[in-house]
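Quick note on labels: first sequence line is chain A, next is B, and so on, each numbered from 1.
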Protein chains: 2
Amino acid sequence: MNNTRFSTAIHILTLLADSGENWVNSDWIAGSINTNAAMVRKELSALQDAGFVIGRKGKEGGSRLNKPSSQISLADIYVAVKNTEVLGKKNLNTNPQCPVGKQINKELDQLYSDTDQLVINSLKGLTLENFAKKFR
Amino acid sequence: MNNTRFSTAIHILTLLADSGENWVNSDWIAGSINTNAAMVRKELSALQDAGFVIGRKGKEGGSRLNKPSSQISLADIYVAVKNTEVLGKKNLNTNPQCPVGKQINKELDQLYSDTDQLVINSLKGLTLENFAKKFR
DNA sequence: TCAATTGTAATAAAATTTGTTACAATATAA
DNA sequence: TTATATTGTAACAAATTTTATTACAATTGA
């Protein structure tokens, strides 16, 4: 995760969690993060796909949570945005003639997925509700 | 960690662990990983800085472990090569006028370092010795 | 002295991430 | 029903990170 997607997602969701039923527009969110409204809408799109958010077009449009913040865990958010494993990428095309090159990715698969799972399980205990509460 | 540094480092160290006292050259290592010898030497340089490896120049030169593989944990390796936090980068320059923008990085600092520590602690239980054993 | 090797720098190429611009579709309010 | 504000998305551009390549001085052993 050499990117800001988790930071951005949790920032957006915190703003929505603390905005109740109001429709919050992407320009206002972008102002808080200090980024571009189109970037925010891209991330909102992913958060909609994950079921956390609904959007409404048109004048007075915007976004709001699609479920109580108590029912969104930081694990859910992480899984929605993560695009690499915690320990990084593997070297594909290792040399099959070498005992290590031949077998290492099979061994790493286990280690890498165990490590991901560890992180996910720990984030499961944390809710957006409790995170967002800190800013009120 | 959207890179192959951990994979590469553990691959190199596994080869060295299974090569005992022999001086292993970067060309041979590169052949197993299927990458460039100069890349391997760059990573070896980092592994030397971390104290895991020693190198010798000149004809018959190469690299070998600088301590028993039982005394190198996967946590040590991870720490030596990691360059981002598990949960990624933060948005700096968030808006200080916004209650969330103002405070979020302080809250994320804790979460991010806790998550890193979780991963490191879990890798502490795993040694290079046990990993390398699988390939003999 | 010759040959092989490291260590490192400089550079280039490729991939990923972030930012920008534009606009059709849509929804509200006057 | 018209004007206005907004999303959702695509296309593109810029910036950053990652990986690969080339080169060569310094070193070591034979």
Query - salt bridge (charged side-chain N to carboxylate O under 4.0 Å, His left out) between A:Asp18 and A:Lys133, intermediate numbers included - result: CA-CA 8 Å; A:Asp18 288 346; A:Lys133 205 179 278 176; over 6 Å; no
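- Residues B:Val24 and A:Arg56 each lie close to DNA chain C; by heavy-atom proximity, the contact nearer the 5' end of the strand is made by B:Val24.
- If you check every strand for non-hydrogen atoms under 4.0 Å, A:Ser26 touches sugar and phosphate atoms only.
- A salt bridge links B:Asp109 and B:Lys90; the closest N-O separation between the charged side-chain nitrogens and carboxylate oxygens is under 4.0 Å.
- Between B:Ser45 and C:dG7, a side-chain N or O to OP1/OP2 separation shorter than 4.0 Å is absent.
- Rounded to an integer number of Å, the gap from CH2 of B:Trp23 to P of D:dA30 is 13 Å.
- In plain terms, the two heavy atoms of A:Lys89 and B:Ser7 that are nearest each other are O-OG, 2.6 Å.
- One interatomic measurement links the two molecules: NZ of B:Lys42 to C1' of C:dG7, which rounds to 12 Å at whole-angstrom precision.
- A side-chain N or O of B:Asn130 and one of B:Thr127 form a donor-acceptor pair less than 3.5 Å apart.
- Atom pair B:Arg64:CZ and C:dT5:C1' shows a separation of 16 Å (rounding to whole Å applied).
- Out of C:dT18, D:dT22, C:dG7, the shortest distance to the side chain of B:Ala38 is found at D:dT22.
- B:Asn34 has its CG atom 14 Å from the C1' atom of D:dT19, to the nearest Å.
- Under 4.0 angstrom from either OP1 or OP2 of C:dG7 there lies at least one side-chain N or O belonging to B:Gln48.
- If you check distances only, the side chain of B:Lys57 never reaches the base of D:dG29 with a donor-acceptor pair under 3.5 Å.
- Within 4.0 Å of B:Asp27, counting heavy atoms only, lies no atom of the nucleic acid at all.
- With C:dT6, D:dA20, C:dT18 as the candidates, the nucleotide lying closest to the side chain of B:Lys89 is C:dT18.
- The residue A:Glu43 sits apart from the nucleic acid: no heavy atom pair falls under 4.0 Å.
- Atom CH2 of A:Trp28 is separated from atom C1' of D:dA5 by 18 Å (rounded to the nearest Å).
- Between A:Thr4 and C:dT18, a side-chain N or O to OP1/OP2 separation shorter than 4.0 Å is present.
- In this model, the phosphate group of C:dA15 is not approached by any side-chain N or O of B:Asn3 to a distance below 4.0 Å at OP1 or OP2.
- Between B:Ile29 and B:Asn25 the shortest side-chain heavy-atom distance does not fall below 4.5 Å.
- Within the nucleic acid shown, A:Asn36 comes within 4.0 Å of at least one base atom, counting heavy atoms only.
- For the pair A:Asn95 and B:Ile33, the minimum side-chain heavy-atom distance is 4.5 Å or more.
- In this structure, the CD atom of A:Glu60 is 12 Å from the C1' atom of C:dA30, given to the nearest Å.
- When the C1' atom of D:dT6 is taken as reference, atom CZ of A:Arg41 falls 8 Å away, rounded to whole Å.
- The nearest heavy atom of DNA chain C to A:Thr35 and to A:Gly58 marks one nucleotide each, and the one closer to the 5' end goes with A:Thr35.
- Nearest-nucleotide assignment on DNA chain D puts the 5′-proximal partner with A:Ile54, out of A:Asn2 and A:Ile54.
- Spacing between atom CG of B:Leu44 and atom C1' of C:dT5 amounts to 12 Å, rounded to whole angstrom units.
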